[in-house]
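A quick note: this is a predicted structure, and the numbers were derived from the prediction, not measured. Counting convention: from 1, in listed order, for ligands and their atoms alike.
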Amino acid sequence: MPELQIIGLPQSNYVWVTRIACAEKGVSCTLVPVMPHTPEVDAVHPFGKIPALRHGEVTLCESRAIAFYIDHAFDGPPLTPRDPVEGARAEQWISLVNTHIDPIAVRQYIGAHFFPRTPDGKPDRARIEGALAPLEAQIGVLDHAVAKTGYLVGSAFSLADANLMPILFYLDKMPESGAMLAKAAALKAYYDRHIARKSIAETIPPPFPGRSSWKWEG
Ligand SMILES: N[C@@H](CCC(=O)N[C@@H](CS)C(=O)NCC(=O)O)C(=O)O
């Protein structure tokens with residue numbers, strides 16, 4: 001069996017999802033920790049984004065497509081329900097998180113903390129302040145979504161949860177969003193329970209180079 005490579009920095013929430021998918025399926029993978037727009041990535045992704053996958057002759061990009069391949073090419077528990085309605089609900093949540101929550105939570109809010117592009121390198125307060133109201137509304141939506149069963153879909157862990165957890169990990173670490181999460185009782189309980197799940201706990205990325213921990217120190 002050829003080696004399955006996940007190509008991209010482990011701190012990327014989308015790379016992390018694909019590593020959780022491998023762990024859930026019991027598929028061993030080798031991480032190739034490279035930045036976006038490097039030759040390894042550009043060889044697979046037409047726009048140079050991470051993650052990319054290489055497995056023998058198979059190359060793929062886009063986290064959802066990579067997770068589909070991992071789910072269907074290997075034995076092990078299904079990553080999304082095979083029931084059409086429940087499966088569609090999982091896809092619905094993956095899409096909602098990727099198209100609504102990731103742009104505000106990761107690209108705008110977390111990006112403004114970690115990659116501010118300000119002259120002094122300090123967090124970009126304008127971008128942070130601009131994200132707070134939509135972020136609070138989104139946390140409210142997620143809090144409501146997981147309140148009943150403790151999962152985004154049905155009553156079992158699925159790729160929908162795997163896709164959200166890396167974002168919650170970062171929101172938990174940042175000051176404003178950490179306070180919002182602490183107040184959202186159902187979502188906080190959901191986060192605390194699933195962050196201890198083996199597939200997630202074992203794939204938590206190391207802090208960014210130059211930082212000693214994920215604790216936010218400004
Ligand atoms: N839709 C893509 C998004 C991937 C993505 O945005 N990756 C980020 C890192 S988390 C990236 O490569 N950013 C570099 C860029 O946008 O140029 C997926 O699901 O894989």
Side-chain angles (χ1 to χ4, degrees), residues 4-25 27 29-55 58-73 79-80 87-88 90-117 123-124 127-128 131 134-135 138 142 152-153 158-174 177 199-200 203-211 214 216:
L4 188 151
Q5 292 181 344
I6 299 288
I7 303 166
L9 290 182
Q11 292 85 3
S12 151
N13 56 306
Y14 287 117
V15 170
W16 192 358
V17 174
T18 61
R19 295 177 65 223
I20 297 170
C22 285
E24 286 288 328
K25 292 294 278 194
V27 173
C29 66
T30 302
L31 181 70
V32 182
V34 291
M35 297 275 285
H37 310 290
T38 46
E40 294 91 333
V41 180
D42 289 342
V44 180
H45 197 300
F47 307 116
K49 296 198 180 200
I50 55 174
L53 169 144
R54 201 175 270 284
H55 185 220
V58 179
T59 57
L60 287 166
C61 62
E62 291 291 303
S63 60
R64 182 64 191 96
I66 291 170
F68 181 97
Y69 177 74
I70 292 164
D71 195 10
H72 290 82
L79 294 178
T80 57
E91 297 302 333
Q92 173 187 280
W93 274 112
I94 292 165
S95 184
L96 285 168
V97 167
N98 291 356
T99 59
H100 291 263
I101 292 172
D102 174 88
I104 298 289
V106 180
R107 305 308 128 189
Q108 183 170 344
Y109 174 74
I110 293 165
H113 276 291
F114 280 113
F115 311 107
R117 288 188 242 126
D124 184 337
R127 281 180 73 213
I128 291 169
L135 192 55
Q138 292 179 346
L142 293 170
L152 277 175
V153 180
S158 74
L159 187 65
D161 302 300
N163 191 57
L164 175 61
M165 280 300 294
I167 297 179
L168 294 183
F169 174 84
Y170 291 116
L171 292 180
D172 179 58
K173 304 293 171 285
M174 302 290 104
S177 56
S199 64
I200 299 180
T203 52
I204 290 175
F208 285 117
R211 288 182 181 267
W214 277 117
W216 180 250

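- Using a cutoff of 4.0 Å between basic side-chain nitrogens and carboxylate oxygens, R64 and E91 are scored as salt-bridged.
- D172 is linked by a side chain to side chain donor-acceptor pair (under 3.5 Å) to nothing, counting only residues two or more places apart in sequence or in another chain.
- When the side chain to side chain donor-acceptor pair (under 3.5 Å) test is applied to Y170, no partner is found at least two apart in sequence or on another chain.
- When heavy-atom distances to ligand 1 are checked against 4.0 Å, the residues falling inside are S12, N13, Y14, P36, H37, K49, I50, P51, E62, S63, R107, ordered by chain and number.
- Across all non-hydrogen atoms, the minimal contact from V34 to I50 is O-CG2, 4.0 Å.
- With a 4.5 Å cut-off on side-chain heavy atoms, Y69 and H55 count as touching.
- Residues satisfying the side chain to side chain donor-acceptor pair (under 3.5 Å) criterion with E62, sequence neighbours excluded, are H45.
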